[in-house]
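So that the names make sense, note that chain A is the first sequence line, chain B the second, and so on, each numbered from 1.
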Amino acid sequence: MCGRYGLFTPQEDLAELLRARIRDRAWEGSYNLAPTQKGLVCREAEPGERELVGLEWGLIPFWAKDPGETRSKYSLINARAESVAEKPAFRAAFRRRRCLVPADGFYEWHAVEGGPKQPYWIRLKSGEPMTFAGLWERWEGEVEGQPRVLESYTIIMGEPNELLGRIHNRMPVVLGSGDRDLWLDPGVGDPEALRGLLRPYPAEEMEAHPVSRGVNNPRNDGPELLEEVAE
DNA sequence: CCAGACGTTGTT
DNA sequence: GTCTGG
DNA sequence: CCAGACGTTGTT
DNA sequence: GTCTGG
């Protein structure tokens with residue numbers, strides 16, 4: 001599962017890397033982004049026009065009756081690559097609302113026998129931000145009698161590569177620069193073509209190191225969370 | 001037909 | 001143990 | 001993902 | 001909204 005990640009590269013740099021327009025200039029980066037918080041996604045707002053926008057992490061389907069109930073009762077922060085095209089909660093978004101979720105890296109917890117889990121920070125060797133395959137959704141309705149629009153997203157999870165396999169049994173689907181255009185193109189509806197993109201990212205382009213358990217608490221945030229520690 | 005779910009992970 | 005909140 | 005709560009009553 | 005279960 002990918003339940004925590006970091007995104008602190010300036011939006012200007014992300015916008016250039018992804019050829020996208022900045023929509024939420026006030027959005028602030030984080031070294032410890034947790035579910036229910038706002039993360040950035042890159043989506044095709046209009047044909048040929050990409051935007052970076054801050055949405056809530058944890059997908060609320062457009063048909064949800066009560067977003068609060070959906071948020072707490074179900075865990076829609078991740079979607080399985082193997083079934084995302086068919087699951088009722090994701091299939092509409094898979095067809096029409098795919099997005100990229102930029103991240104400077106992500107955390108995975110390695111279960112150690114007879115001890116507390118050891119968190120790892122995983123990033124690209126190149127030092128560039130990576131992009132997860134994601135889906136976004138738009139919910140419109142009333143909350144406490146007030147009209148509300150809620151936009152949210154989920155991160156697609158798949159098989160681990162050789163590096164992540166030593167830490168955990170799953171990892172987020174990372175799309176390389178060559179796959180991003182196809183994933184974002186709303187005109188592409190062929191599930192087979194899209195499913196082909198949901199494969200493990202090459203292990204030789206990634207690196208991982210153990211970090212402090214300070215990251216466990218979602219209230220902690222700062223570059224010190226990324227520092228390597230002895231296992 | 002209507003009612004009720006709609007999800008993932010890890011652990012037991 | 002299980003659910004909610006971040 | 002992990003952390004933290006998990007409850008009711010009466011009074012301010 | 002759409003599918004599954006009764």
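- Salt-bridge annotation for A:R148 and A:E140: absent, with no side-chain N of the basic residue lying under 4.0 Å from a carboxylate O of the acidic one.
- As a whole-Å value, the separation of A:E69 CD from C:dC3 P is 13 Å.
- B:dC6 and D:dG4: their P atoms are spaced 30 Å apart (whole Å).
- Using P as the reference atom, B:dA5 and C:dT4 are 15 Å apart when rounded to the nearest Å.
- Nucleotides B:dT8 and C:dT2 place their C1' atoms 16 Å apart, quoted to the nearest Å.
- Using a 4.0 Å heavy-atom distance criterion, A:R91 is classed as a sugar-phosphate-only contact.
- As rounded to whole Å, 11 Å separates atom P of C:dT4 from atom CG of A:D66.
- Residue pairs meeting the salt bridge (Lys or Arg N to Asp or Glu O under 4.0 Å) criterion with at least one member in residues 56-77 of chain A, sequence neighbours excluded, are A:E56-A:R71, A:E69-A:K73.
- At the heavy-atom level, A:N169 lies under 4.0 Å from the strands shown only through sugar-phosphate atoms.
- Residues that satisfy the ring-ring contact (aromatic ring centres under 6.0 Å, His included) test with A:F90, not counting sequence neighbours, are absent from this structure.
- Taking atom CD1 on A:I77 and atom P on C:dC3, their separation rounds to 16 Å, with Å as the unit.
- In the hydrophobic clustering, A:L225 connects to A:F8, A:Y31, A:Y107, A:W109, A:W121, A:V211, A:V215, A:L226, either directly or through intervening members, whenever side-chain heavy atoms lie under 4.5 Å apart.
- Note: CZ (A:R213) to P (D:dA3) measures 10 Å, nearest angstrom.
- Using a 4.5 Å cut-off between side-chain heavy atoms of Ile, Leu, Val, Met, Phe, Trp and Tyr, A:I60 falls into a hydrophobic cluster with A:W139, A:V143, A:L150.
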For this session: Would you write the dot-bracket representation of DNA chain B, where each base gets (, ), [, ], | or . depending on whether it forms a Watson-Crick or G-U pair under 3.5 Å and with which partner?
Result: ||||||......
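- Within 4.0 Å (heavy atoms only), A:F62 reaches sugar-phosphate atoms of the nucleic acid but no base atom.
- Here salt bridge (Lys or Arg N to Asp or Glu O under 4.0 Å) pairs that include residues 99-124 of chain A, with residues two or more places apart or in two chains, are A:R123-A:E207.
- Residues forming a side chain to side chain contact (heavy atoms under 4.5 Å, CB included) with A:E204 (at least two apart in sequence, or on another chain): A:P202.
- For the segment residues 96-123 of chain A, the set of residues with a heavy atom within less than 4.0 Å of an atom of DNA chain D comprises A:W109, A:K117, in numerical order.
- Within the structure, every pair that satisfies the salt bridge (Lys or Arg N to Asp or Glu O under 4.0 Å) test and touches residues 184-193 of chain A, not counting sequence neighbours, is listed here: A:E192-A:R195.
- Taking atom P in both B:dT11 and D:dC1, one finds a spacing of 9 Å when rounded to whole Å.
- For A:Q37, the CD atom sits in a packed shell: over 12 heavy atoms of surrounding residues, nucleotides or ligands are nearer than 6.0 Å.
- Between A:R91 and A:E86 no salt bridge is recorded (no basic side-chain N to carboxylate O distance below 4.0 Å).
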Under 3.5 Å, which donor-acceptor pairs link side chains of residues 10-19 of chain A to any protein atom two or more places apart or in another chain?
residue, atom, partner, partner atom, Å
A:Q11, NE2, A:D24, O, 2.8
A:E12, OE2, A:R25, NH1, 3.3
A:R19, NH2, A:D181, OD1, 3.4

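- A:E140 has its CD atom 13 Å from the P atom of E:dG1, to the nearest Å.
- Straight-line distance between the P atoms of D:dG7 and C:dG5: roughly 12 Å, to the nearest whole Å.
- Looking at residues two or more places apart in sequence or on another chain, you find no side chain to side chain donor-acceptor pair (under 3.5 Å) involving A:E162.
- Regarding A:I155, its CD1 atom lies at a distance of 12 Å from the P atom of B:dT9, rounded to whole Å.
- We find that CH2 of A:W57 is positioned 14 Å from C1' of C:dG5, with the value rounded to whole Å.
- In this structure, the side chain of A:W27 does not engage the main chain of A:V53 through any donor-acceptor pair within 3.5 Å.
- Using a 4.0 Å cut-off, no side-chain N or O of A:N217 falls inside it from OP1 or OP2 of D:dC1.
- Listed pair A:N216 / D:dA3 meets the phosphate criterion, a side-chain N or O lying under 4.0 Å from OP1 or OP2.
- The nearest whole Å value for the distance from the CG atom in A:N32 to the C1' atom in C:dG5 is 14 Å.
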With the criterion being N/O to N/O and under 3.5 Å, what pairs connect the protein with nucleotides 6-8 of chain B, and how long is each?
residue, atom, partner, partner atom, Å
B:dG7, OP1, A:P88, N, 3.4
B:dG7, OP1, A:A89, N, 3.3
B:dG7, N2, A:K73, O, 3.1
B:dG7, N2, A:S75, N, 3.3
B:dG7, N3, A:S75, N, 3.2
B:dT8, OP1, A:R80, N, 2.8

